[in-house]
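Reviewing the structure listed below.
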Number of protein chains: 2
Amino acid sequence: MADLYEQQAKIFKAFCDERRLRILELLRGGETCACKLCDAMDMPQSSLSYHMKILCESGIVLGREEGKWTHYRISPEGSRKAMELLREITQLQETEESSCRCQKP
Amino acid sequence: MADLYEQQAKIFKAFCDERRLRILELLRGGETCACKLCDAMDMPQSSLSYHMKILCESGIVLGREEGKWTHYRISPEGSRKAMELLREITQLQETEESSCRCQKP
DNA sequence: TTATCAAATCAAGAAATTTTGATTTGAGGT
DNA sequence: ACCTCAAATCAAAATTTCTTGATTTGATAA
């Protein structure tokens, strides 16, 4: 149960940091290699790697290794799942009549 | 520009914490007052207040004051806006194929 | 093999977030 | 006025996240 919330939170961590939002904007333009992201973000390599790991573990970004390079891209499936999850967790439950079942003290 | 990312990040901060996800799940059942949330979450009053502030500032939750009580509920409009934003920031831009050519010596 | 480069990982410190008892605010009720 | 209660705010500590130089890993080339 707590694991479920932890897993859900992990997905949205991708979007709650300014640098990761900027990286995602760069990736919207198409697949991009780490060195270009590093350059565009004006960030040390280890810092970029830290954020890319969070983005990948959220399922929103996919990494493709090609020789010694890694190319990153937005995962349409990951994005779709995130949107479905967001809809679920904010949708009011179907209750017949909004009568509170709790007894007034 | 940095302000934009900051504002976007603020919205998703509502969903990147386990306790806030649990609060949202409680609110999916309908409008709930702070004291009941406090009880259900088994959390000190000041802690709940801290999280409710983040949820309200994200626009996902609305508070309604009634006498000395405050009732919280999920905002359908805030939820809709969050979903639209999520779609925007993960949608690939319409461009020609622009593959990275890092492997070029 | 050795050298080189790209990226991940490590580790220690910096910065931000979260916790929680104490206090304050603000709206009734007496 | 006073008292009480609900909720917000404060403040200090605890915890988590983030930064970044240094190191390691892993692939390629000479």
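First the proteins, then the strands, lettered A, B, ... as listed; each starts at 1. Quick caveat, the model's predicted, so the values are computed rather than measured.
In this structure, the separation between CG on Leu85(B) and OG1 on Thr90(B) is 9.0 Å, given to the nearest 0.5 Å.
Enclosure of atom CD in Gln93(A) by more than 12 non-hydrogen atoms of other residues, nucleotides or ligands within 6.0 angstrom is indicated.
Here the P atom of nucleotide dT4(D) and the CH2 atom of Trp69(B) are 16 Å apart, to the nearest Å. Whole-Å rounding puts the Tyr72(A) OH to dA7(C) C1' distance at 7 Å. Whole-Å rounding puts the Glu65(B) CD to dC5(D) C1' distance at 15 Å. The CD atom of Glu66(B) sits 15 Å away from the C1' atom of dC5(D) (whole-angstrom rounding). dA8(C) atom P lies 12 Å from atom NE2 of His71(A), rounded to whole Å. Whole-Å rounding puts the Arg20(B) CZ to dT16(D) C1' distance at 12 Å. If you take NZ of Lys13(A) and C1' of dA16(C), they are 12 Å apart, rounded to a whole angstrom. Residue Glu57(B) contributes atom CD, which lies 14 Å from atom C1' of dT17(C) at whole-angstrom precision.
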(message) Could you walk me through whether Glu84(A) and Arg80(A) satisfy the salt bridge (Lys or Arg N to Asp or Glu O under 4.0 Å) test, starting with their C-alpha distance in whole Å, then the side-chain angles of each, then the deciding distance to 0.1 Å, before giving a yes or no?
(response) CA-CA 6 Å; Glu84(A) 282 179 13; Arg80(A) 183 179 51 73; 3.0 Å; yes
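Put simply, the residue from Arg22(B), Glu25(B), Glu18(B) that forms a side chain to side chain donor-acceptor pair (under 3.5 Å) with Tyr5(A) is Glu25(B).
Residues from residues 47-56 of chain B that place a heavy atom under 4.0 Å from any atom of DNA chain C, listed by number: Ser47(B), Tyr50(B), His51(B), Ile54(B).
Aromatic ring pairs are classed by plane angle as parallel below 30°, tilted from 30° to 60° and perpendicular above 60°; the pair Phe15(B) and Phe12(A) is tilted.
Nearest-nucleotide positions on DNA chain D for Cys33(B) and Met43(A) put Cys33(B) closer to the 5' end.
Close to dA29(D), at under 4.0 Å from its OP1 or OP2, lies no side-chain N or O of Lys68(A).
For the pair Lys81(B) and Glu77(B), the salt-bridge criterion is met [side-chain N within less than 4.0 Å of a carboxylate O].
Of all nucleotides listed (dG21(C), dA8(D), dG21(D)), dA8(D) comes nearest to the side chain of Gln45(B).
The stretch residues 49-62 of chain B participates, sequence neighbours left out, in these side chain to side chain donor-acceptor pair (under 3.5 Å) pairs: Arg20(B)-His51(B).
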